[in-house]
Each structure stands twice: as C-alpha cells, then as structure tokens.
Amino acid sequence: MSEIQLEAQEVDSILGLLNHVSSDFSSIDSPEFLMQATPLAQELPRRLRAQMNDFRLQDDGRGAMLIRGLPVNEQRIGPTPARWDERSTPSRTFKEEVFLALCGTLLGDLVTWASEQDGHIVHNVLPIKEHEDSQLGWGSANEFILHVEDAFSPCSPDYLGLICMRNPEAIGTTLSHLADLDLAQLDLDTLFEKNYYVRPDDAHLASANQLNLYNAQRDQALSRREEEIKAPPKTAIFFGDRRAPYIRLDPPYTDAGGCEKSAQAMAGLLHMLNDKKTRVRLQPGDVLFIDNCRAVHGRDPFRARYDGTDRWLKRVKVTRDLRKSREFRSSASCRKIL
Ligand SMILES: O=C(O)CCC(=O)C(=O)O
Ligand SMILES: [Fe+2]
C-alpha cells in the first residue's frame, strides 16, 4: 500500500480549498460541482497529486493508497446517523466529502448507481440495526467477506474511496492485493475463462433502498438488477494480463454454475486471498483508495452500539472511463448508472 502523510502547510492549503469549495457548492451531487471537480482537484497540493498519479498509472505493487493528516472536527460532523439516508442539508460532513471527491477525481471521474443509496455520489458506510448480520457496508456482526465492489457489472468502478469520520475501536478495513499471490499455484486457465455467474449484491435490492420517495431512475435500475439476478451473464474472474491479472469476484454472489473444476479454481483463489489478507485501521480524516481491479477489500466484524458513536465512513466510486457506462446513463455528464 502507498501512503502519504500530509504536512502542516499542505493541510492548511487543503482546508483553504475546502472552505472555498463549500461556500461555492452545496452538494457533491450537484451537476455544477461535478463539472468543476477536475479543475478544482488540480488545486490540491502537488505532492498529493503526484502520488495519486503514480498510484493510478503503476497499477502493480500497490493495491491501495492511504492519505493521512486531514483534521476532522468531531463537533461539526455530529453523531453517526442511525440510517444511511439520514442526511443534514447542508451536509455537516460536506468538507470531508469534498476532500474525498476531489482526491477521487485525481484518479478518474466519480460515478454511482441509481440502484444504490438513492443514486447519491457519496455513500454512508455505518452500522444499521436491521442490516446487522448482512454482507453490506451497514453490517457489523459478521466479517465483511473480501470482495470486488460491484463485481456483477462491466461498469464496476476502478477505485473505491473511503474517508473516515470516526472509528473509535479502530475496526480494520481488510485488503488483499493480487501482487501478493503466488499465481503459479492457481488454476489460471479456468479463472480466465467465462465460467462464472456474478450476481448483483444486496446493496442493489429494493430492501436496501428507501422506497417511500418517488424516484423513477432508481425503480428502473432496481428492475434491471432483478433481471441480472435472474439471468446473469457468464463472466471470468480474472481478465487482462496473465502475469498481473485484474479481478472480478464477490464470493457470496458468485457461483460456478455447477462446474466442479471452476468451483475448485475459485476456492483456491479465495483461500489464497484470505491467506494474504492485511488490514488498515482508519482514523478520523484518513482517506483510503482501493484499486478495485487489483485488490479485494472487506471489513472485520464489530459490535455496534447504535448510539451515535459508531464507526462511520463516507464512500465514493471512481471510474477511469465514463464512456464505458454511457449507454446506461441519461446524458454524457450524468453520473448515475441505471
Ligand atoms: O467498512 C469498510 O471498511 C469497508 C466497507 C466496504 O466494503 C464498502 O463500503 O464497500
Ligand atoms: Fe465494498
């Protein structure tokens, strides 16, 4: 993993930028902000931009990038919400959201799904009682199994970005990087073939969405996910270069369609990924970008209290190529994938 510790004068300059952006814009979802994000990101300190650029272009040997040193004002951000859709307007965490969004924009363009968290660009990752046992960002009681984000789709993001609001028990985000695997021990031929069904995960189901507000795009996207669950296309788990493969895998939602050989190849890979698992314990203000093609991620289990003091992260998804999803977005500038 790459890491950068921001220096005092870099923090000052970032806080100046965040102040100015938060007086000019009121939401990351606003088309005006999304249009300006690229030039604004160029106002981040050069050392940070250079390191993010290295992370983007040298996609081997890193897997994740940690940015440390942004201060978070505990009073200002307020308690951890009880639900993902509990949002203050203007957002109390807007400055942190802007920092996450601008850093993400150094890697590509922000993108989101109409079928997840009501199509917002910045998601809440926090424990929710009714999802306590789930394999969702809102679970807590069980280990969140190592996975690729949105593995079901060719439009899956290239990067996942997290910023920590609070994490009092230093619960680990888990990571496993493909550069750490002994590829010679894997059945590469089978993993590179279209032998697998990867279905949309539960975050894209109606049960994870807030259905009391009318949202035509969300409802259309949820129907598409239902179709994809019923009839998923066959895909390969590995693609790209055999010596440094890219990965598409979300174990609870992936099956080998009854083929024993394919199931065994996947089991061998899962075993190795778990064997090489590392963890990063995010502190308030830490930003973590995960390479969603070269690494898998998850989370250690923890006991949630649901009293406003629980672990709380914000999340964005980044694509290197918006055109890849153009046919599923309503306009060239819209970031919501149906
Ligand atoms: O909670 C974490 O550290 C990671 C959660 C996760 O996998 C996600 O938000 O996609
Ligand atoms: Fe995830």
Side-chain angles (χ1 to χ4, degrees), residues 1 63-68 80-81 83-85 93 96-97 100-101 104 110-113 115-118 120-128 131-153 155-177 198-205 208-209 247-254 270 273-274 277-304 310-319:
M1 184 168 70
M65 163 95 194
L66 179 61
I67 306 163
R68 298 211 123 131
T80 302
R83 301 160 48 102
W84 64 266
D85 54 350
T93 51
E96 291 75 16
E97 293 172 29
L100 179 64
L110 300 168
V111 74
T112 185
W113 296 90
S115 49
E116 195 182 15
Q117 299 209 15
D118 245 345
H120 289 291
I121 297 270
V122 180
H123 294 167
N124 273 319
V125 176
L126 38 77
I128 301 176
H131 299 288
E132 190 168 86
D133 298 314
S134 71
Q135 286 293 315
L136 291 170
W138 311 322
S140 53
N142 303 314
E143 177 190 349
F144 197 174
I145 296 170
L146 290 172
H147 60 278
V148 164
E149 200 67 18
D150 305 313
F152 70 95
S153 172
C155 302
S156 59
D158 292 286
Y159 304 95
L160 183 71
L162 301 168
I163 185 166
C164 179
M165 300 294 95
R166 64 170 57 88
N167 188 11
E169 275 113 22
I171 307 307
T173 298
T174 51
L175 292 166
S176 188
H177 186 212
V198 187
R199 294 183 166 79
D201 63 83
D202 292 351
H204 294 273
L205 296 184
N209 276 273
I247 185 169
R248 174 165 296 149
L249 174 65
D250 193 348
Y253 307 95
T254 305
L270 284 178
L273 288 169
N274 276 302
K277 186 163 72 180
T278 57
R279 52 183 50 71
V280 47
R281 300 175 191 282
L282 295 176
Q283 302 161 13
D286 284 356
V287 174
L288 180 70
F289 280 93
I290 299 161
D291 184 338
N292 200 39
C293 292
R294 288 287 290 157
V296 290
H297 68 278
R299 188 213 59 238
D300 286 328
F302 64 104
R303 187 184 295 271
D310 281 322
R311 182 177 188 266
W312 180 19
L313 314 180
K314 295 264 168 185
R315 179 177 76 178
V316 290
K317 300 180 178 187
V318 176
T319 183

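The analysis underlying the following values was restricted to heavy atoms, covering all of them including side chains, and did not include hydrogens, waters or symmetry mates. Remember, it's 1-based here, ligands and their atoms both numbered in the order they're listed.
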Min side-chain heavy-atom separation R299-R311 under 4.5 Å: yes
Determine the interplanar angle of the W138 and W84 rings, folded into 0 to 90°, and report it as parallel if under 30°, tilted if 30 to 60°, perpendicular if over 60°. parallel
Any D150 side-chain heavy atom under 4.5 Å of C155 side chain: no
From the candidates K317, H147, R315, the one that places a heavy atom nearest atom 9 (O) of ligand 1: R315
A student checking ligand 1 against T173 at a 4.0 Å heavy-atom cut-off should list atoms 2 (C), 3 (O)
Side chains of M165 and T80, heavy atoms from C-beta outward: is any pair under 4.5 Å? no
Ligand-side contact atoms (ligand 1) for residue partner R299, heavy atom cut-off under 4.0 Å: 1 (O), 2 (C), 3 (O)
Taking side chain as C-beta onward, heavy atoms only, is N124 less than 4.5 Å from Q117? yes
If I apply the N/O under 3.5 Å rule, does R311 come out as touching ligand 1? yes
So which protein heavy atom does atom 6 (C) of ligand 1 come closest to, and at what separation? F144 CE1, 3.5 Å
Where ligand 1 meets E149 - atom numbers and elements under 4.0 angstrom, heavy-atom basis: 10 (O)
Contact atoms of ligand 1, heavy-atom distance to L313 under 4.0 Å: 1 (O), 2 (C), 3 (O)
Where on L282 is there a heavy atom closer than 4.0 Å to ligand 1, on the side chain, on the backbone, on both, or on neither? neither
Determine whether the side chains of H120 and D85 contain a donor N or O and an acceptor N or O closer than 3.5 Å. no
Is there a side-chain contact between D250 and V148 in this structure, where contact means two heavy atoms from C-beta onward sitting under 4.5 Å apart? no
Just so I know, are the side chains of E169 and R303 near enough to count as touching, which here means a heavy-atom distance under 4.5 Å? no
Protein N/O/S atoms closer than 2.8 Å to the Fe ion (ligand 2): H147 NE2, E149 OE1, H297 NE2
Quick check on contacts: which atoms of ligand 1 are under 4.0 angstrom from a heavy atom of H297? 6 (C), 7 (O), 8 (C), 10 (O)
Need the ligand 1 atom indices (1-based, order shown) with element for anything under 4.0 Å from a heavy-atom of V125. 1 (O), 9 (O)
Given G172, S140, G298, which has its nearest heavy atom closest to atom 4 (C) of ligand 1? G298
Who passes salt bridge (charged side-chain N to carboxylate O under 4.0 Å, His left out) against R248, sequence neighbours left out? none
Is it the side chain, the backbone, both or neither of H123 that has a heavy atom closer than 4.0 Å to ligand 1? neither
Applying side-chain contact (heavy atoms from CB on, under 4.5 Å) to L273 and I247, what does each step give before you reach the verdict? CA-CA 11 Å; L273 288 169; I247 185 169; 4.2 Å; yes
Test salt bridge (charged side-chain N to carboxylate O under 4.0 Å, His left out) on K314 and E96 and set out the steps. CA-CA 9 Å; K314 295 264 168 185; E96 291 75 16; over 6 Å; no
By the definition side chain to side chain contact (heavy atoms under 4.5 Å, CB included), identify the one residue from T278, I290, L66 that meets it with M1. L66
